[in-house]
Amino acid sequence: QSNNSDPQVSDGYYDSDEDEFEEQGSSDDEDDRLERQANLNGDGKEEDESDDEDVEILDEIEVDAPRSWPKMAKQKRGTDGKNKKTEGKADDKADEGAITNTGKEKADNWMHTDNLSSDDEDDDGANNRIGRVPLHWYDDYEHIGYDAHGNQVVKSSASSKDLLDKAIDAADDMEDGKNKFTVYDELNAKEVTLTPRQIELIRRLQGGAFAHPEHDANPDYIDYFSGVDPEKSGLNSDRYEKKSRFQPSKWEKLQVRRLLHRLKCGSINMDYLEGKVRDMNDLIKRDEGDNNSDQPFMLWKGDEEDELALRKGPQHMPAPKVPPPGHAYSYNPPDEYLPNETELKEWAEMEDPSDRPYGHFIPQKFSNLRSVGAYEHSVKERFERCLDLYLCPRAMKRRLNIDPESLVPQLPKASDLRPFPTTKCIQFVVPGQEGQQKEDGLPVVAVRCLTVSPDGQFLASGGEDGVVRLWEVQTGRMLRSWDLMKVVGEVGEEKKKKEEEEENDAADEVEAKKPIASLEWNTNRSHHVLLAAIGKCAVIISTGTGGLDDAEITDALLSAASSCKNGGNHSPDSRAAKAVTWTSLKKQKSSKSTPVSAFGGKSGPIAILHTNSIISSVKWHRKGDYFTTVSPKAGAAAVLIHQLSKAASQQPFGKSKGGEVQLACFHPQKPFLFVATKEHVRVYHLVKQVMVKRLMSGCRHISSIDVHASGDHVVIGSLDRRLVWFDLDLASTPYKTLKYHERALRSVGFHPRYPLMASASDDGSIHVFHSMVYSDLMRNPLIVPVKVLRGHSVVKSSSLGALSMVFHPTQPWLFSAGADG
């Protein structure tokens, strides 16, 4: 209401003399205000027209309630605590301004009925009894809750109206005069008509007065005196304010910090801090209800975490439970649990009772449970149990319920990874030696190495007798054989001296026992050349299996080697001149043989390379011109690189590094040289003449090595039964280490076309693997064992089995050689 300066219009709320707001309920001109209310006109308006502006809303309320109430008599309390009535003008004014007893009783009935409880207002129990529950929970239902009898409180038609309909209905009610004071109760879903008492309370509240006119806002002051000094004022009135009242509250600071932490963690939001949401669970449930309102859900889930693990403080560790008693602890146990005299004596001789089957307890049989006496060791056992719980440390261990089968990788079936070698098809046997056996029962010839021509038509083998044999793959027929021991012996005889005949004869006997250590076919399809290592020599052999064009290319390639003089075409002052000597076999009769092909040209051994140490391995470069020889005992000259077209050699290393060199091979695409010692593999860049990488194999003795056709993967076999796979793009440590064989590995290799890999071992078996290498660098190679071939027997005297294996260049075929011949 707007304040007016006219004291008559202010209705006593404004004091004209002091020009300030007077406290409500304590006005001195209360009698005048009561008189003006009693003199209201029939239509509810006062004579003064200025009142219409101030209480415009109040004038529209038409009630039958009296507009004045008696003024309550002022009472004071004495020192004895009893009320005493005041005398004088106050009583006279109360008598003059009092209304009739009938009006007073009605006013009292109206003003004091709000002391009733909610149960008294709802006698029949038809109101809603859902309590402090958000009403929006019932938006999707036809009822708003339940009454005291458990019946649904059905929503009325008014609840479905929108704001525009409600505004139109309110305007119609104001014009008609009906339902003028009707409001909608959302809790009980019904329209309620305000009573005169409620309207009067609203009128007083809108006017800025207290709801009850008999309320005294400023009662008379009551003195409270102490029994010691009655001159002092009231209790605690002379105390100063505490210092904490003027300082920031630490508790409020802590609450703010907690709220900020919860807000940062996301457990609450700004709607919760601003009061828009009372509980965050309501917001979460509402969001879940919007998404899956009609979907069923599990009341109990199986993946909840243990509540004890989420508690703050030390983790709860339950004590181990005592094992339950067995049949022997029964008062009537079976006869097999009752000890005999011998067992009782044995138990008595045991010093430690824990060694007995049941400790201190001895099984006995009783007729009934009443006959069972007290157990004499019960207190001692309980005490020891308490000591165990108190003194023995306990640790919480989480048990992982994991299915062991889930840990095994899901490998594809072997039948889905075909083709790969499965059965023995052809057996190559030396003519005339099928039935010959030594005295110890071993075959005459043990095959040490194998190699296949690039076109896959011919197979060459090297035996312990120093003979290289050439086979036809399709028929298994031996086409040619070259006795390299005889060729090497004829060359050695020219250099021998007559004074050393006896020593040379002994050397011949030792040398005659040296087998073909390594045999390699030239990787170029146009070069029909074999390279064999026997003793300290490397022999270059022309196979004579080429056509017209290939024969001419092969002869041109071998022209320099067949006509070399003075130990080769390298510089005499170079390091290679001291390590290797080239010798032509053009004049040797044993080196000449008939070629297999009509256009074969030269056939047989062409040249010999003499080194200072025994050669263990030879390898060709992919272009077919360069090859390398490895002599483990030669020191710095262990690795030599030779060029066949120039009959020249070079020594890449000036000193020995990392131990004895066992193997060496070229990279199929890049100018890299892999040099394997007993434990490591070093990769050298031949152009830059630097070491690129060192592979840590983890093996004790490396026996074989092969490089994948892509050049990014290397496989190594060792004498300690390990098959090691390296991914050069991944790391210098093994990608996979396989240990399937029972004995040492002698040969490993990749198939040049199919995703196959195989390993031969002294246990006589050959393991075939599916080894898929993907072009996608994000995918790891797939290695799956698919077949175990057992075609060789183990020789008991030497404990040797399968000594060599090689894949067919174009077909999924595998050739193997063993100590059993």
Side-chain angles (χ1 to χ4, degrees), residues 1 11 24-25 33-34 36-46 51-52 54-72 98-132 135 144-145 147-149 151 153-159 161 166-217:
Q1 297 176 356
D11 197 19
Q24 300 179 9
R33 185 175 69 255
L34 294 176
R36 290 197 303 272
Q37 293 178 356
N39 296 330
L40 289 173
N41 297 331
D43 55 355
K45 296 183 180 179
E46 195 178 355
D51 250 359
D52 296 342
D54 297 339
V55 283
E56 181 179 354
I57 300 176
L58 301 181
D59 293 342
E60 296 178 357
I61 304 175
E62 297 179 2
V63 295
D64 297 336
R67 306 306 296 262
S68 62
W69 287 270
K71 183 176 181 182
M72 301 301 294
I99 63 176
T100 62
N101 293 335
T102 303
K104 180 178 180 180
E105 292 177 358
K106 291 182 178 180
D108 293 341
N109 290 336
W110 287 339
M111 293 297 104
H112 292 282
T113 55
D114 52 349
N115 292 328
L116 301 176
S117 64
S118 60
D119 295 335
D120 296 335
E121 293 179 358
D122 186 19
D123 297 336
D124 54 353
N127 289 346
N128 199 351
R129 296 299 181 92
I130 60 174
R132 298 180 62 184
L135 296 180
I144 196 66
D147 56 9
H149 304 290
N151 300 325
V153 180
V154 183
K155 297 179 182 179
S156 63
S157 59
S159 61
K161 296 181 180 180
K166 293 180 180 179
I168 295 173
D169 294 343
D172 295 343
D173 293 340
M174 292 297 293
E175 293 179 1
D176 299 342
K178 298 178 180 180
N179 299 331
K180 189 174 182 180
F181 302 105
T182 301
V183 296
Y184 180 73
D185 186 3
E186 294 185 359
L187 179 61
N188 297 305
K190 63 182 180 178
E191 295 182 350
V192 180
T193 303
L194 299 179
T195 61
R197 177 182 65 85
Q198 296 171 344
I199 296 174
E200 180 62 21
L201 293 178
I202 294 173
R203 187 191 67 82
R204 293 187 62 83
L205 291 176
Q206 288 182 343
F210 290 103
H212 297 274
E214 68 272 9
H215 176 73
D216 188 6

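Just so it is clear, the values below take in all heavy atoms, side chains as well, and ignore hydrogens, waters and symmetry mates.
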Counting distance only, does the side-chain N/O of D147 pair as donor-acceptor with the main-chain N or O of H149 below 3.5 Å? yes
Please examine the side chains of I202 and Q206, heavy atoms only from C-beta on, and report whether any two atoms are closer than 4.5 Å. yes
Of the non-hydrogen atoms in E191 and Y184, which two are nearest, and what is the gap between them? CG-CD1, 4.0 Å
Measuring from atom CG of D169 to atom OG1 of T182, what distance do you get when rounded to the nearest 0.5 angstrom? 11.0 Å
Could you walk me through whether E200 and R197 satisfy the salt bridge (Lys or Arg N to Asp or Glu O under 4.0 Å) test, starting with their C-alpha distance in whole Å, then the side-chain angles of each, then the deciding distance to 0.1 Å, before giving a yes or no? CA-CA 5 Å; E200 180 62 21; R197 177 182 65 85; over 6 Å; no
Apply side chain to side chain contact (heavy atoms under 4.5 Å, CB included) to L187 and list each qualifying residue two or more places apart in sequence or on a separate chain. N128, I130, L135, D185
Enter the distance from T193:OG1 to I199:CD1 here, rounded to the nearest 0.5 Å. 9.0 Å
